[in-house]
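Let me begin by presenting the structure, written as structure tokens, before commenting on it.
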Amino acid sequence: MNIVSAFFAGLLFGVGLIVAGMANPAKVLAFLDLAGAWDPSLALVMGAAIAVGLPVFAAFGRRRASLLGEPLQIPANRTIDRRLIAGSALFGVGWGMAGICPGPAVVLLGAGVPRAVLFVAAMLAGMALFEWLEQRPARRRAPLRESTAGADSDS
Amino acid sequence: MSIDWVHFTPFTALAGGLLIGTAAALLLVLDGRIAGISGIVGGLLRPRRGELAWRLAFVAGLAVAAPLYRWFAVMPEPQLDAPTPLLLLAGLLVGLGTRYGSGCTSGHGVCGLSRRSPRSFAATLAFMAAGFATVYLLRHLLPR
């Protein structure tokens, strides 16, 4: 895996979030506040990002390997189940409370916003809690089998 | 619903979105990966072989975006108004929920919709609806 290209992609992603105003939680909350003074900006951010993504995924998504020779890892899971919906809804509740999703959280951390440290620490704790909850029943059922937790991740 | 024309920034929103889409496209085309931040960060907690370096590199890029941006331009001061207990609960729910739901605004919202995945469409509807409902509850139903 080429770490230079991964670094550059992360950097560009972060700059995009800043340019779009999405590294500002207040602006994200203004999008989520349909009943208040609504700021539709986030919808345009997603629309523009998808406008770039659609043709690229359509042209490139079925290839076996990337241009640098890495195997393409596209999620194969197509089932819409309770895990997906309940997890996403839980995420949405947290998103609505603070106006921060994982990307902007890392950008805010890098920006040196003191309270972003608290959010990122809590987010990592939530992710660790997920790992722990996923490991627990698997361990009880089959102590020696390797867990497949996270193998179906979309992201 | 009334649109806040003063704070609505269509041009920078579109420009930022184009950059985000380009970043996601680059990660796919060069590295063969989906730019889903929750998955990339979550994968750091229990890294599989050969999975650590590129994830750290991507997250590092994301983290230096703000300091680098400030070299060239003035970055508007982020406004983080949530009181601390709510901020901590929010972080916990975002971490748990995105891992449970296998993605967030980037993995499902940008990349998933870009590859026209019905699963990501359902996830995006779910977190958008929950986000709208939560803000409505906190700002308009509960007394402040």
Side-chain angles (χ1 to χ4, degrees), chain A residues 1 3 5-7 9-16 18-20 24-26 32-33 35 37 39 41 44-45 48-50 52-54 56-57 66 68 70 72 80 84-85 87-98 101-103 106 110-111 115 119 122-123 126-127 130 153-155, chain B residues 4 7-9 13-14 16-21 23 25-27 30 32 36-39 42 53-54 57-58 61-63 65-66 69 78-80 82 86-88 90-105 107 110 113-115 122-123 126-127 130-131 134-135 140:
Chain A
M1 179 64 61
I3 61 168
S5 52
F7 175 84
L11 178 62
L12 196 63
F13 201 107
V15 171
I18 295 168
V19 168
N24 184 3
L32 292 175
D33 190 6
D39 179 352
S41 302
L44 296 191
V45 178
I50 292 167
V52 175
L54 268 174
V56 175
F57 273 93
S66 76
L68 297 178
E70 299 290 340
L72 230 62
I80 296 170
L84 178 80
I85 302 303
S88 298
L90 221 55
F91 159 48
V93 171
W95 192 35
M97 284 176 168
C101 52
V106 178
R115 296 176 75 238
F119 182 90
M123 182 176 86
M127 289 177 169
F130 165 82
S153 181
D154 288 296
S155 49
Chain B
D4 184 354
H7 293 103
F8 180 36
T9 49
L14 289 171
L18 290 178
L19 293 177
I20 292 169
L26 275 178
L27 195 68
L30 295 178
I37 317 291
S38 59
W54 79 270
F58 185 91
L62 209 50
Y69 187 91
Q79 214 185 323
L80 214 174
L86 198 66
L87 188 69
L88 290 172
L92 196 73
L93 290 176
V94 168
L96 185 65
T98 51
R99 295 301 283 143
Y100 212 75
S102 309
C104 58
T105 350
V110 173
L113 295 188
S114 286
R115 53 189 192 86
F127 68 68
T134 303
V135 171
H140 301 285

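All chains are named by letter (A, B, ...) in the order of the sequence lines, taking the proteins before the strands, and each is independently numbered beginning at 1.
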For [X] versus [Y], what's the shortest heavy-atom pair and its separation?
{"X": "A/Ser88", "Y": "B/Ala123", "answer": "OG-CB, 3.3 Å"}
{"X": "A/Val19", "Y": "B/Leu19", "answer": "CG2-CD1, 4.0 Å"}
{"X": "B/Thr9", "Y": "A/Asp39", "answer": "N-OD1, 4.3 Å"}
{"X": "B/Ser114", "Y": "A/Ala49", "answer": "OG-O, 4.3 Å"}
{"X": "A/Trp95", "Y": "B/Phe127", "answer": "CZ3-CD1, 3.9 Å"}
{"X": "A/Ala48", "Y": "B/Leu14", "answer": "CB-O, 3.4 Å"}

Max heavy-atom pair count under 4.5 Å with chain B, selected residue of [options]:
{"options": "A/Gly14, A/Ala98, A/Ala111", "result": "A/Ala111"}
{"options": "A/Ala35, A/Ala89, A/Gly92", "result": "A/Gly92"}
{"options": "A/Ile18, A/Val56, A/Leu90", "result": "A/Ile18"}
{"options": "A/Val106, A/Ile85, A/Leu32", "result": "A/Leu32"}

Less than 4.5 Å apart, side chain to side chain, heavy atoms only: is that true for [X] and [Y]?
{"X": "A/Ser5", "Y": "B/Leu26", "value": "no"}
{"X": "B/Ser38", "Y": "A/Met123", "value": "no"}
{"X": "A/Phe130", "Y": "B/Thr98", "value": "no"}
{"X": "B/Ile20", "Y": "A/Val45", "value": "yes"}
{"X": "B/Leu27", "Y": "A/Phe13", "value": "no"}

Of the listed residues ([options]), which shares the most heavy-atom pairs with chain A below a 4.5 Å separation?
{"options": "B/Ala66, B/Ala13, B/Ala82", "answer": "B/Ala13"}
{"options": "B/Gly17, B/Gly42, B/Pro78", "answer": "B/Gly17"}
{"options": "B/Gly95, B/Ala122, B/Gly21", "answer": "B/Gly95"}
{"options": "B/Ala65, B/Gly16, B/Gly61", "answer": "B/Gly61"}

Under a 4.5 Å heavy-atom cut-off, does chain A meet the side chain of B/His7, its backbone, both or neither? both
B/Phe8 portion near chain A, given a 4.5 angstrom heavy-atom threshold: both
Just verifying a value: how many Å separate A/Leu12 CG and B/Leu62 CG, rounded to the nearest 0.5 Å?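 Here the interatomic distance stands at 11.0 Å.
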What distance do B/Phe58 atom CZ and A/Leu11 atom CG have between them, rounded to the nearest 0.5 Å? 10.0 Å
